Amino acid sequence: MSGELRPGTLVRPETIGEELGISTTPAREALQALRVEGFLQLVPRRGFVVGPLTGEDIRDLFQVQALIGGELAARAAAKATERDVAELEALHHELIAAAARNDHERLEEKNHAFHREINLLADSRKIIWLLGLVTRYVPRQFYSSIPGWPRATMDDHAELLKGIKAKDPAATRVAMHQHIVHSGELLAAHFDARVAAAEAADNEPTYTAQTNAGGGLASA
């Protein structure tokens, strides 16, 4: 989803095993599991290749996540105590501080902790389980490197906190839904841009210096 491996890219168990420091057998088993989950395809006489993915696919995944996340946020707003709100505010301020320092790892860590706290406050095990099924397709890392994501996260979380502090489930549901859709749009746009840039690079003409009969150079 980061665009690092484009759809159709060959993924060899030997290469993965070497990169992870494991033997080929468990690497192949892992790739088979990813095939079952839809991340990879097994092509005859080629092997495992990255499955098809588009920006619209990413947007669709985040739309589903937004529906589930909105419900959890609404339930959290109805149950949150003053102590819970204080914990969320502390996480939000730590996120802002990390963004100011350009500490991407810390920023992503605090973002995850903020959302996890809201989901736990909802106290809805089956809905959280369903959210886990959806978000397993969405990476937790590299968000902070996407243009606009840190600022969007800070602003969106501020709106979420307003709804939770006011104990307003409806407003909190809307804020979470908009936040997740917004994040998905940023990721999808980033993905589309990386794919377009890679395709443009593939289509660039190559120039080979050749000596012609007159001793000059010709390009092809």
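Only a predicted model underlies this, so the values are computations on that prediction, with no experimental measurement involved.
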Short question: side chain of [X], backbone of [Y] - any donor-acceptor pair under 3.5 Å?
{"X": "Lys79", "Y": "Ala122", "answer": "yes"}
{"X": "Thr54", "Y": "Asp57", "answer": "yes"}
{"X": "Ser183", "Y": "His179", "answer": "yes"}
{"X": "Arg46", "Y": "Leu42", "answer": "no"}

TODO: Starting at CD1 of Ile164, measure out to CG of Asp84 and round the result to the nearest 0.5 Å.
DONE: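 One gets 9.5 Å once the value is rounded to the nearest 0.5 Å.
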
Task: Euclidean distance, Ile58 CD1 relative to Leu186 CG, rounded to 0.5 Å - done: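 Answer for the CG-CD1 pair, Leu186 versus Ile58, is 11.5 Å.
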
Open item on the list: Count I, L, V, M, F, W, Y as connected when their side-chain heavy atoms are under 4.5 Å apart, and connections chain through other members. Are Phe48 and Val36 then in the same cluster?
Closed with: no

Task: hydrophobic_cluster_shared for Ile128 and Val134, side chain cutoff 4.5 Å - done: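 Val134 and Ile128: one cluster.
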
TODO: Could you pull out the closest heavy-atom pair between Ala189 and Arg59, with the gap in Å?
DONE: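 Residues Ala189 and Arg59, closest heavy atoms: N-NH2, 4.1 Å.
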
Task: Least distance between heavy atoms, Gly163 atom then Ala77 atom - done: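 It is O-CB, 4.3 Å.
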
Using atom types as modelled, flag every donor-acceptor pair under 3.5 Å from a side chain in residues 97-106 to any protein atom, sequence neighbours excluded.
unit_1, atom_1, unit_2, atom_2, d
Asp103, OD1, Arg106, N, 3.1
His104, ND1, Ser144, OG, 3.4
Arg106, NH1, Glu109, OE2, 3.2

Answer yes or no: is there a side-chain heavy-atom contact under 4.5 Å between [X] and [Y]?
{"X": "Asn111", "Y": "His115", "value": "yes"}
{"X": "Phe114", "Y": "His92", "value": "yes"}
{"X": "Val181", "Y": "Phe62", "value": "no"}
{"X": "Gln65", "Y": "Met176", "value": "no"}
{"X": "Val11", "Y": "Leu34", "value": "no"}
{"X": "Leu67", "Y": "Glu71", "value": "no"}
{"X": "Phe191", "Y": "Ile146", "value": "no"}
{"X": "Leu187", "Y": "Glu185", "value": "no"}

- [ ] Decide if atom CD of Glu37 counts as having more than 12 heavy atoms of other residues, nucleotides or ligands within a radius under 6.0 Å.
- [x] yes

Task: side-chain contact (heavy atoms from CB on, under 4.5 Å) between Arg75 and Asp123, intermediate numbers included - done: CA-CA 8 Å; Arg75 296 188 183 198; Asp123 192 26; over 6 Å; no

Task: Full working for side-chain contact (heavy atoms from CB on, under 4.5 Å) between Ile180 and His182 - done: CA-CA 5 Å; Ile180 294 175; His182 190 187; over 6 Å; no

Task: Derivation of the side-chain contact (heavy atoms from CB on, under 4.5 Å) call for His190 and Trp149 - done: CA-CA 10 Å; His190 174 76; Trp149 185 85; over 6 Å; no

TODO: For side-chain contact (heavy atoms from CB on, under 4.5 Å), just list the numbers for Ile68 and Ile127, CA-CA rounded to whole Å, side-chain angles, deciding distance to a tenth of an Å, and then say yes or no.
DONE: CA-CA 7 Å; Ile68 301 174; Ile127 299 180; 3.6 Å; yes

